[in-house]
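Comments concern the structure below.
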Amino acid sequence: NNGIFQLKITDQKSVSLEITDVLGSAILKSKIKSETTDLDLSEHPNGIYFVKTIDSKGNSVVKKIVKQ
């Protein structure tokens with residue numbers, strides 16, 4: 001990917017989002033209140049990033065994204 005990502009959340013109204021690099025350094029922290037959110041990592045170096053979402057009940061999901 002070139003650094004532009006789209007995140008779709010369908011089951012929750014409010015979700016916390018955190019993007020980290022492979023070393024665990026936080027790149028972005030945000031609250032998401034809409035179903036679709038665009039994420040722009042184009043200014044960051046190529047590599048592997050992790051997107052962690054946490055819903056209002058405390059459930060979390062971690063996904064890997066690769067920027068080339």
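These numbers were taken from a predicted model, which means no experiment stands behind them.
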> Which value, rounded to the nearest 0.5 Å, describes the distance between D55 atom CG and I32 atom CD1?
Replying inline: 12.0 Å
>> Could you work out, with side chain to side chain contact (heavy atoms under 4.5 Å, CB included) as the rule, every residue matching K29, not counting sequence neighbours?
In response: E18, A26
> How many angstroms lie between atom CG of L39 and atom CG of L28, to the nearest 0.5 angstrom?
Replying inline: 6.5 Å
>> Give me the atom names and distance for the closest heavy-atom approach of D38 to Q6.
In response: OD1-NE2, 3.3 Å
>> So V15 and L7, do their side chains get closer than 4.5 Å, heavy atoms only?
In response: no
>> Run the side chain to side chain contact (heavy atoms under 4.5 Å, CB included) test against D21 and tell me which residues pass, sequence neighbours left out.
In response: L23, S25, I27, Y49
> With respect to V51, which candidate in V61, I65, T20, V62 satisfies the side-chain contact (heavy atoms from CB on, under 4.5 Å) definition?
Replying inline: I65
>> Holding to side chain to side chain contact (heavy atoms under 4.5 Å, CB included), I want the full list of residues that pass it with E43, two or more places apart in sequence or in another chain.
In response: none
>> Going by the rule side chain to side chain contact (heavy atoms under 4.5 Å, CB included), which residues pair with I54 if we only count those two or more places apart in sequence or in a different chain?
In response: S16, K52, S60
> When rounded to the nearest 0.5 angstrom, what distance separates CG in D40 from CD1 in I4?
Replying inline: 3.5 Å
>> Would you say that T37 contacts F5 through its side chain, given a criterion of any heavy-atom pair below 4.5 Å between the two side chains?
In response: no
